[in-house]
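Have a look at the structure below before the remarks.
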Number of protein chains: 4
Amino acid sequence: MPKLGMEPIRRDALIKAAIIELGQVGSLDVTVARIAKRAGMSSALAYHYFGSKEHMFLAAMRHVLSVYGAEVRGALAVGETPQARIRALVRVSFTGSNFRRDVVAAWLNFYVMAQRNDQAERLLRLYQARLRSNLRHALRPLVGGRAASLADGAAAMIDGVYLHEALGTGEPDGARAARAVETWLDAAISGKAP
Amino acid sequence: MPKLGMEPIRRDALIKAAIIELGQVGSLDVTVARIAKRAGMSSALAYHYFGSKEHMFLAAMRHVLSVYGAEVRGALAVGETPQARIRALVRVSFTGSNFRRDVVAAWLNFYVMAQRNDQAERLLRLYQARLRSNLRHALRPLVGGRAASLADGAAAMIDGVYLHEALGTGEPDGARAARAVETWLDAAISGKAP
Amino acid sequence: MPKLGMEPIRRDALIKAAIIELGQVGSLDVTVARIAKRAGMSSALAYHYFGSKEHMFLAAMRHVLSVYGAEVRGALAVGETPQARIRALVRVSFTGSNFRRDVVAAWLNFYVMAQRNDQAERLLRLYQARLRSNLRHALRPLVGGRAASLADGAAAMIDGVYLHEALGTGEPDGARAARAVETWLDAAISGKAP
Amino acid sequence: MPKLGMEPIRRDALIKAAIIELGQVGSLDVTVARIAKRAGMSSALAYHYFGSKEHMFLAAMRHVLSVYGAEVRGALAVGETPQARIRALVRVSFTGSNFRRDVVAAWLNFYVMAQRNDQAERLLRLYQARLRSNLRHALRPLVGGRAASLADGAAAMIDGVYLHEALGTGEPDGARAARAVETWLDAAISGKAP
DNA sequence: AATGAATGAGGATTCATTCAT
DNA sequence: GATGAATGAATCCTCATTCAT
């Protein structure tokens, strides 16, 4: 029997390396060879496991999204009041593994990829739909019929702030970012606008 | 006899072609040959005028930014009340040449480019600084000390909505986008949050 | 306990798979992995048994040739008159396992292989020499001194018809092919030409 | 104005180099780089002119076929009697540029290519159809209704002899090859077989 | 001013082959 | 006996870029 069970380990290493390279190089032009090297293997092996560069990036994207999704679920489970749940939803985007420099940069590239790759587009839409849906549910008890429109706005706001961070030098400041979104949300919630 | 004054015409054609290609292909991988072809000339001539692909993209970026800047100035000049000026600032981002499908996509790629190219980064920062500054000035009469923070928020919101449009299928809807931002701004202005 | 006698079974499966793939893909570019997969094993095992891709192809070639040779011997044993023996020699080439679509295509590739591989060339020459020799022996009672030249012609004719079938669409028609050769042989035998 | 009119020269050089390499290496695995080098240019230029390796091979094939076609037309124009025309048709296949060692080997590879490439298959069929048609026309005055079947036989015979030469060592002997075919044809023409 | 010609360098992808278990 | 793991070495193809004319 050969050495077994390498596949998940290798895939994982490649996905992580891809995200780091994506963040470092800042574009989808990252070489498969570079990613493989960072992951400690030959590029041929990377192909063996992913079949193509594109598939590798999609896997990386799925990984980022699933981590995000898991943290969202975790945060929602903890929040007891609607306010707490909203706060949690916002904070998750700007915390921990979702707000690391390289992950933020990777996101930006996923957006670019989504313009050409259907799979990527679908993933991105899915993420956005979930985010909006979660926000809507949390907002409804507070603002009733305005929930939908506020949720859309909050989602845009989150992504906008996120985008700004993709450009900043130095490590992004999640606390500040979250506060910016929350400030707006508070104002909007208590505001009269539809 | 050599044709006189061809230079600005050629440069312009290339810049416009670059933006269109950028929007169409959706990534910086557009080839110089394709751009030149669309602009009706050989790629060698493109190099003659711009020296490198990067310079060409930077010129395209500057073009987009300067069009935007001009429209902002025009809009500010017309607006008489602070409210009108804010409204104008927001609308400009989602109108006409600033909100065409390809321009939006080009913009996204400028963000990517800014992660590696200092010039591009500077241009983008400059744009953001100006946008914030303009918003601040317009907001001060209405919210006083909260102007700075509201301006930052509005800027993020604008870019966030813009980003969402970059992904949407079909032509982006500028009126809806502008309304989304304005709704938020109104709420924030009348809100109690800092 | 290790299974006993797996070797011949595995080798056989690989050889058969190689021929099928050769016929299907239509060139020597077939990958070892594909052949092994079709044969129901890992490519590593294919290497275990054959040492190299080339050896595997040579084995396949030998297999095809030996099947052919066996059928020739069988046919000759049955034929009682010279005419019957000639007829048998011709028919064998266009019957059964020697005239299956994939075998015909494989044959064509053996010709290509023979241009670079000495072993392959030797095998091919051997086959041709035997075919000619058999034809000569069968022809001698009928045409005496013209046997050698007629045998050469018949051999060329057989291969030419065979080649044409390798290109045809649909399953090759052995009966028609055999008849074409026989018609010529009959004419030549009764002809005045040397 | 740049250096002009290189295209036909380069294409020609590449086609010729491709045929030589094909004959030398003996398989379609010839590297584009090798061909380009032999033709005295970079492989990038080869791609510039042909777009792909496949297209280059197809062009080579077309070249070989068109040379052959031209020689056939020339030979037919000269032949005055049916016998002379038949003789000419046979001899052309075994003379000059159609019977050079490398060209013969190239042919063999065209057959292989035809198994996977539709264009190649079409070209090969076209060649065969024309050869048969020419033979039929020349044979009709001599054998009437048997012309079609004799033409098919002759075509197979020609290709068969040709195939045998692809394997021979040393320069092929065209005269002998032609004689072999002619002997058969004479016998068949004067024979009683249909 | 303008362009066809030309290439070096690089990157994705494939595959025969080896090896540890 | 059997195979997943692993890679070096190609090879195709692309493209930014340069240059002679």
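Lettering of chains follows the sequences in order, A, B, ..., and the numbering in each one begins at 1.
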Using whole Å, what does the distance between atom [atom2] of nucleotide [N] and atom [atom1] of [X] come to?
X: C/Leu14; N: F/dT3; atom1: CG; atom2: C1'; result: 14 Å
X: D/Glu7; N: E/dT3; atom1: CD; atom2: C1'; result: 14 Å
X: C/His55; N: E/dT18; atom1: NE2; atom2: P; result: 12 Å
X: C/Phe50; N: E/dT18; atom1: CZ; atom2: C1'; result: 18 Å
X: D/Arg34; N: F/dT11; atom1: CZ; atom2: P; result: 10 Å
X: D/Met56; N: F/dT11; atom1: CE; atom2: P; result: 14 Å
X: D/Lys37; N: E/dT7; atom1: NZ; atom2: P; result: 13 Å
X: D/Arg11; N: E/dA5; atom1: CZ; atom2: P; result: 11 Å

Answer yes or no: is there a donor N or O on one side and an acceptor on the other, between the side chain of [X] and the main chain of [Y], under 3.5 Å?
X: B/Arg11; Y: B/Tyr49; result: yes
X: C/Lys53; Y: C/Val30; result: yes
X: D/Thr31; Y: D/Ala33; result: no

Indicate the atoms forming the closest heavy-atom contact of A/Gln115 with B/Gly26, along with that distance.
->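 So the two residues come closest at OE1-O, 3.2 Å.
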Pairs: protein N or O with nucleotides 11-15 of chain E N or O, under 3.5 Å:
from   : atom 1 : to      : atom 2 : distance (Å)
E/dA12 : OP1    : A/Lys53 : NZ     : 2.8
E/dA12 : OP2    : A/Val32 : N      : 3.3
E/dT13 : OP2    : A/Tyr47 : OH     : 2.7
E/dT13 : OP2    : A/Lys53 : N      : 3.1

Passes side chain to side chain contact (heavy atoms under 4.5 Å, CB included), D/Arg122 versus D/Gln119? Steps please.
-> CA-CA 5 Å; D/Arg122 226 169 301 145; D/Gln119 284 260 270; 3.3 Å; yes
Would you say E/dA2 has OP1 or OP2 under 4.0 Å from some side-chain N or O of B/Arg10?
->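 Checking E/dA2 against B/Arg10, a side-chain N or O does come within under 4.0 Å of OP1 or OP2.
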Any C/His48 side-chain N or O less than 4.0 Å from OP1/OP2 of F/dG1 |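 Indeed, a polar side-chain atom of C/His48 lies that close.
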Atom pair OG/CG of C/Ser27 and D/Asn117 - distance to nearest 0.5 Å =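 If we round to the nearest 0.5 Å, C/Ser27:OG and D/Asn117:CG are 12.0 Å apart.
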Scan A/Tyr49 against the nucleic acid and name what it touches under 4.0 Å (heavy atoms): base, sugar-phosphate only, or nothing.
->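 Contact class for A/Tyr49: sugar-phosphate only.
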Identify the nucleotide, in any strand shown, that forms a Watson-Crick or G-U wobble pair with [N], with both distances under 3.5 Å; if there is none, say none.
N: E/dT21; value: F/dA2
N: E/dT13; value: F/dA10
N: E/dA1; value: none

How about C/Trp107 and C/Tyr127: are their ring centres within less than 6.0 Å of each other?
->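 So the answer is yes for these two rings.
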5′-ward residue of the pair B/Ala46/D/Gly40 relative to DNA chain E |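 Its nearest nucleotide being more 5', the pick is B/Ala46.
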